[in-house]
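This report concerns only the one structure given below.
Residue numbers begin at 1 in each chain, while the letters A, B, ... track the order of the sequences.
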Amino acid sequence: MLSLKDKLNPKQYEAVACPPGPLLIFAGAGSGKTRVLTYRIAFMIKQLGINPGEILAVTFTNKAAQEMRERLLKLLDMEYLPLLVLTFHSFGARILREYYEVISYKKNFSIYDEDESIGIIKGICKDLQIEEGGLKPSAIKHYISRAKDEMIDPVEYAESANLHRQKIIGQIYIEYQKRLRLHNGFDFDDLIYWPVKIFDGHPDILQFYRRHFKHLLIDEYQDTSISQYQMVKHLAGEHKSVTVVGDDDQSIYGWRGADITNILNFERDFPGAKVVKLEQNYRSTQNILSAASALIANNLGRKSKALWTSLGEGQRIKVIECSDAESESLSLVEQLTHLRKSEGLKYSDFAVLYRTNAQSRSLEDGFRTSGIPYIIVGGLRFYERMEIKDILAYLKILVNPDDNISTQRIINVPRRGIGDVSIDYIANYSRERNLNLLTGCYHATEGKVDGIPAPKIKEFTKIIDKLSKLIDSGEPLASLLAKIIELSGYEASLVAEATPQSETRLDNIKELVDGAAEFENRTPDATPEQFLEEVALITDMDRRDPNSDAVTMMTLHGAKGLEFPVVFITGLEEGLFPLIRDGQIAPKDLEEERRLMYVGMTRAQRHLYLTHCRYRRHFNRSFFGKASRFLSEIPENTLDDAYVDLKPISNRPKTKLREGRYEFEAEPKRSFAIGADVYHQKFGYGVILGIEGNGENEIVTISFSSVGRKKLMVKMAGLKPA
DNA sequence: CTACCGCGTGTTTTT
DNA sequence: CACGCGGTAG
């Protein structure tokens, strides 16, 4: 390999070229983490002559895995990647596809997502008549997930329960695991939990994996849970060629079971580990970096580090105080429009970040009305849409007939006159006879189940029959899905509905078929099970199209690993960010919020904007927001002069549409389009942000480069197109 | 027994 | 404000 030393700084080189063995790389934000990981892999292959098949790289997200794959292909100059780059969860799924038998599972198991898992828990609470003691099913799921992260099995959990609440959860946990097995399904946590259990109990299998993967590389090590840590520890075995990369300051998944002590204790767990700190930041200017560093310095119990950059001082950070969320949205539009012009930036150079998905609503309003292209990443995911899950449920029961969850989901979708009561009858009948629900349905068509309208069930089983034949005859995936949509009557019912919503649903299921076709292309020998697995593990974060020129809007969590020339962090109000529930926040939670802020700030390359509102409607109730404490933790000398934008924008009367007939305003004639450049005698050049009223009363909101935002009557203003 | 309608409730972050 | 759940009508 040519001159590694020229392409890496000394620290990076040290990490890349260090001999196989335990290696911990503290990679500060923007310090070229992925670069080091990929070069290290290339180094192992090209310099050390290591067989690529013996290397396993594990990341946390599909996005990260994908990026690493692409960069490796380029670096190694190959067409196909000779090594595995997987997420923890997909690696776990692979192990289970191979060894499901040793834990008495069956082939073609299903993978249940969060909603389905919570659905199972709801069912358990109902069946067991458990008084949940004020615990919501989602909360129960959370506790069970944490238990699995810590490798605590159901019986162990129940036995060690002290509190009344824990005993209830223990009971539910036991039943939950039982039902998952009954349905031949795993939840997300099982994809780590069970492989570790298998390794624990089957040295021969563990030995196989250890021999197979002699060199491990783990990305985002600070986000690993106890179960993931154990998986790494198991695989590392005696040879201990483990490279882990992480940054304790970017640990933001504690609520999901990530255990920051994993990275802090690496040197203890792997004696003789080499530690390299990467502290040169290649992303941000000094101002941004100093501000972020000062902020994170408020956390205790972190490894101290000193990030530095040679990119120069750069712009100061701008804090904008807005009157309300609507004004916040318009402020973003305003700043963005100016900056885009003055610096010749693309829309895709901008990111708008927020703490909770709910905030995206008000933020996107301003973008929509001003015609600025944007994409919202995250929120409701494509594969979590109702219609997609419905169609996939059909596919799931064809592959795994034990999947009662999916059977239950679509037995009456679209409507075939089979209600809850009928389903309960069949479910009870099936349970007593140890049959799965689908088989129970077939019995019902033969009149074996009392009180069930056989013809209606028959309608359902006939569809399944037809589809089974197709899948058995090896129908290609995309056309199989098309058949499901057609034969199930799903398409017809959506067409009949003929609402705007049903139209988008139709579009979505068509997109699903396209996606399946694309999957077939990419993986020629693909089985439906593999497709289902990919679909279960993929997230919306992975569907970001890098080619479209649009502003990216996403949560701060979603932004990890990304970078943008311009970043807006919004909603910086005490209580919202840091997010505080019940007026209280535990110190460790506050520190995680602060790390989240740190992650957000360090996404910015050149410009960083921080906005907060004085007034915000949050939970149904309006409240007056104090500025976030994080704002006061940023040194003054990195901040621009305060920019206050308090012009009330939202005092125009809300139009009522609900009362009486719907009324549609005639499309008003407008003198200017939103986004148009205009010139004003006194204020100079500006951009039209919004238009209200028409004719005599037409009022435009204009952002002037000289004086900021103004509302003017067109009649009086004497505007000229610029 | 199913389908529809209205009321009430409740919102962190995600593999 | 949107969704889920529960009650009622058919």
Which part of the nucleic acid does [X] contact within heavy-atom distance under 4.0 Å: base, sugar-phosphate only, or nothing?
X        : result
A:Phe60  : sugar-phosphate
A:Glu114 : base
A:Asp189 : nothing
A:Tyr354 : nothing
A:Lys122 : sugar-phosphate
A:Ser90  : nothing
A:Ile418 : sugar-phosphate

**Complete:** The single option from A:Phe186, A:Tyr100, A:Tyr99 that satisfies ring pair (Phe, Tyr, Trp, His ring centres under 6.0 Å) with A:Tyr105 is A:Phe186
Tell me the interatomic distance from [X], atom [atom1], to [N], atom [atom2], rounded to whole angstroms.
X        : N      : atom1 : atom2 : value
A:Lys63  : B:dT15 : NZ    : P     : 8 Å
A:Gln250 : B:dT14 : CD    : P     : 16 Å
A:His557 : B:dT15 : NE2   : C1'   : 12 Å
A:Ile569 : B:dT12 : CD1   : P     : 21 Å
A:Arg256 : B:dT12 : CZ    : P     : 17 Å
A:Met554 : B:dT12 : CE    : P     : 21 Å
A:Asp365 : C:dC1  : CG    : P     : 11 Å
A:Asn357 : B:dT12 : CG    : P     : 11 Å

**Item:** Closest-nucleotide 5' rank along DNA chain B - winner of A:Ile423 and A:Glu593
**Value:** A:Ile423
**Item:** Aromatic-base stack, A:Trp255 on B:dT13, cutoff 5.5 Å, angle under 30
**Value:** yes
State which of [options] makes the closest approach to the side chain of [X].
X        : options               : result
A:Thr555 : B:dT13, B:dT11, B:dA3 : B:dT13
A:Arg355 : B:dC4, B:dT13, B:dT11 : B:dT13
A:Val421 : B:dT12, B:dT11, B:dT2 : B:dT2
A:Asn412 : B:dT14, B:dT11, B:dA3 : B:dA3

**Request:** Using the C1' atoms only, state how far C:dG4 lies from B:dT13, rounded to an integer number of Å.
**Result:** 23 Å
**Asked** Is it true that A:Asp219 and A:Lys33 make a salt bridge, defined as a side-chain N closer than 4.0 Å to a carboxylate O?
**Response** yes
**Request:** Inspect the contact between A:Arg385 and A:Glu387 and indicate whether a charged nitrogen and a carboxylate oxygen are less than 4.0 angstrom apart.
**Result:** no
**Request:** Tell me whether the OP1 or OP2 atom of B:dT15 has a side-chain N or O from A:Lys560 closer than 4.0 Å.
**Result:**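 Result: no.
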**Message:** With a 4.0 Å limit, can you tell me whether A:Ser422 has a side-chain N or O closer than that to the phosphate oxygens OP1/OP2 of B:dT2?
**Reply:** yes
**Request:** Using the salt bridge (Lys or Arg N to Asp or Glu O under 4.0 Å) rule, pick out the option among A:Arg594, A:Arg302, A:Arg595, A:Lys560 that qualifies with A:Asp249.
**Result:**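 For A:Asp249, the salt bridge (Lys or Arg N to Asp or Glu O under 4.0 Å) test succeeds with only one of A:Arg594, A:Arg302, A:Arg595, A:Lys560, which is A:Arg302.
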**Prompt:** Can you tell me if A:Tyr229 and A:Asp259 form a side-chain donor-acceptor pair at under 3.5 Å?
**Reply:** no
**Heavy-atom neighbours of A:Asp507 CG exceed 12 at 6.0 Å** =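 Enclosed: over 12 neighbouring heavy atoms sit under 6.0 Å from CG of A:Asp507.
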